[in-house]
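Written out below as structure tokens is the structure these notes cover.
Fair warning: this is a prediction, and the values are worked out from it, not measured in the lab.
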Amino acid sequence: MDTNKQGKKPKEKTFTEKARSKQIIECTIDVITEIGYANTSIGKIAQKANVSKGVITYHFSDKEELMTGVVVDLYQKAAFFMERHMQNPDNAIDMLRAYIVSNLLFIKENRKHVAAVIEIVTNDRNEQGELRFAGQEEAIYAPLEEIFQYGQEVEGTFRSFSKRFMAVMLRSAIDAAGDQLAKNDQFDIDLYAEELVTMYDRATRK
């Protein structure tokens, strides 16, 4: 259970407070994609949102908490999106295809938010100079490794290979699409999805 620094359960936000927090996150995404993470500040976000800096810090105590809010918001959206688009696959091959296609479709539909999060996770550092969002590999790779394990050990439709290595390679290929889309509006992510599905279907099957 989450608690604040005094060990108390945090107060539940009202509907109005949630709406304001959402607005601040959207403005933060706009500012980051316009001027980059390094140039983003509470003041510039407040200016974009047409509010005082005090309004920002009422909802997010500092830039670090606000950046975390932007990242968490994207992960929550992605989890909900994936849950809706990966219902009832018939087998491991269909699971893998659905995973690839739904991930890339999510990136396509949330390109600005994805671009902002890429900026954050590759630049946001703690006081020791370490990337704050490093070390999330287990949560990222686990769903893919489960698909690979099911295909190898339950169905027998996948050949023998390192589940972790294959997950790392595929996840890197999916994440690269977000970076490409942020840099190039003409990037054909639908064709990219088709090619990636074909590639990993051939790479994983017996």
Side-chain angles (χ1 to χ4, degrees), residues 25-26 29-30 32-34 36-37 67 70-124 131 133-206:
I25 286 174
E26 292 298 328
I29 292 167
D30 287 340
I32 292 173
T33 54
E34 287 168 8
Y37 173 85
M67 295 304 115
V70 174
V71 174
V72 169
D73 188 58
L74 180 73
Y75 287 167
Q76 289 174 340
K77 282 182 181 177
F80 180 70
F81 187 92
M82 295 291 290
E83 184 178 347
R84 287 192 295 113
H85 284 79
M86 289 194 66
Q87 292 180 353
N88 304 319
D90 294 328
N91 49 58
I93 293 170
D94 287 344
M95 287 180 201
L96 183 58
R97 177 184 178 83
Y99 180 91
I100 295 171
V101 172
S102 59
N103 266 271
L104 292 170
L105 180 59
F106 177 80
I107 291 172
K108 179 182 178 180
E109 294 185 0
N110 297 272
R111 61 177 67 189
K112 185 181 283 188
H113 200 159
V114 170
V117 168
I118 290 172
E119 275 282 304
I120 294 169
V121 300
T122 55
N123 290 284
D124 192 351
L131 290 171
F133 294 97
Q136 306 296 319
E137 290 83 1
E138 290 305 319
I140 294 172
Y141 301 141
L144 270 173
E145 290 184 289
E146 289 176 7
I147 294 172
F148 295 146
Q149 182 175 11
Y150 184 79
Q152 288 176 334
E153 301 176 14
V154 179
E155 284 188 345
T157 51
F158 288 164
R159 67 177 179 82
S160 177
F161 55 79
S162 166
K163 293 182 286 292
R164 172 52 62 94
F165 289 171
M166 192 68 79
V168 169
M169 289 185 288
L170 178 50
R171 212 38 259 188
S172 296
I174 291 171
D175 293 341
D179 187 50
Q180 288 295 318
L181 199 59
K183 296 174 180 176
N184 178 14
D185 288 339
Q186 303 305 311
F187 180 72
D188 191 339
I189 199 166
D190 296 320
L191 179 58
Y192 188 86
E194 290 179 18
E195 294 291 354
L196 210 55
V197 166
T198 300
M199 181 185 302
Y200 278 89
D201 180 55
R202 293 177 178 176
T204 55
R205 284 203 198 213
K206 272 189 174 179

Passes side-chain contact (heavy atoms from CB on, under 4.5 Å), I93 versus R205? Steps please.
CA-CA 8 Å; I93 293 170; R205 284 203 198 213; 3.5 Å; yes
Going by the rule salt bridge (Lys or Arg N to Asp or Glu O under 4.0 Å), which residues pair with [X] if we only count those two or more places apart in sequence or in a different chain?
X    : result
E194 : none
D124 : R132
E146 : none

**OP:** Give the C-alpha distance, both sets of side-chain angles, the deciding distance and a yes or no for side-chain contact (heavy atoms from CB on, under 4.5 Å) between L74 and F106.
**Re:** CA-CA 10 Å; L74 180 73; F106 177 80; 3.6 Å; yes
*Apply side-chain contact (heavy atoms from CB on, under 4.5 Å) to M82 and Y99, showing your working.*
CA-CA 8 Å; M82 295 291 290; Y99 180 91; 3.7 Å; yes
Using side-chain heavy atoms (C-beta onward) and a distance below 4.5 Å, is [X] in contact with [Y]?
X    : Y    : answer
V121 : L131 : no
K112 : D30  : yes
L144 : V168 : no

Checklist entry - How long is the gap from CG on N91 to CZ on F158, to the nearest 0.5 Å? => result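 Spacing of CG (N91) from CZ (F158) equals 8.0 Å.
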[X] atom [atom1], over 12 foreign heavy atoms within 6.0 Å:
X   : atom1 : value
R84 : CZ    : yes
K77 : NZ    : yes
F80 : CZ    : no

For residues 173-184, tabulate all N or O donor-acceptor pairs below 3.5 Å that involve a side-chain atom, not counting sequence neighbours.
unit_1 : atom_1 : unit_2 : atom_2 : d
D175   : OD1    : R171   : NE     : 3.4
D175   : OD1    : R171   : NH2    : 2.7
D179   : OD2    : K183   : NZ     : 3.0
N184   : OD1    : Q186   : N      : 2.9

What residues, two or more places apart in sequence or in another chain, satisfy side-chain contact (heavy atoms from CB on, under 4.5 Å) together with Q149?
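So Q149 forms a side-chain contact (heavy atoms from CB on, under 4.5 Å) with E153, K163.
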Can you list the residues that meet the side-chain contact (heavy atoms from CB on, under 4.5 Å) rule with P89, with sequence neighbours excluded?
->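 Applying side-chain contact (heavy atoms from CB on, under 4.5 Å) to P89 gives D94, M95.
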Q: Check the pair M67, V71 against side-chain contact (heavy atoms from CB on, under 4.5 Å), reporting the backbone distance first and the verdict last.
A: CA-CA 6 Å; M67 295 304 115; V71 174; 5.7 Å; no
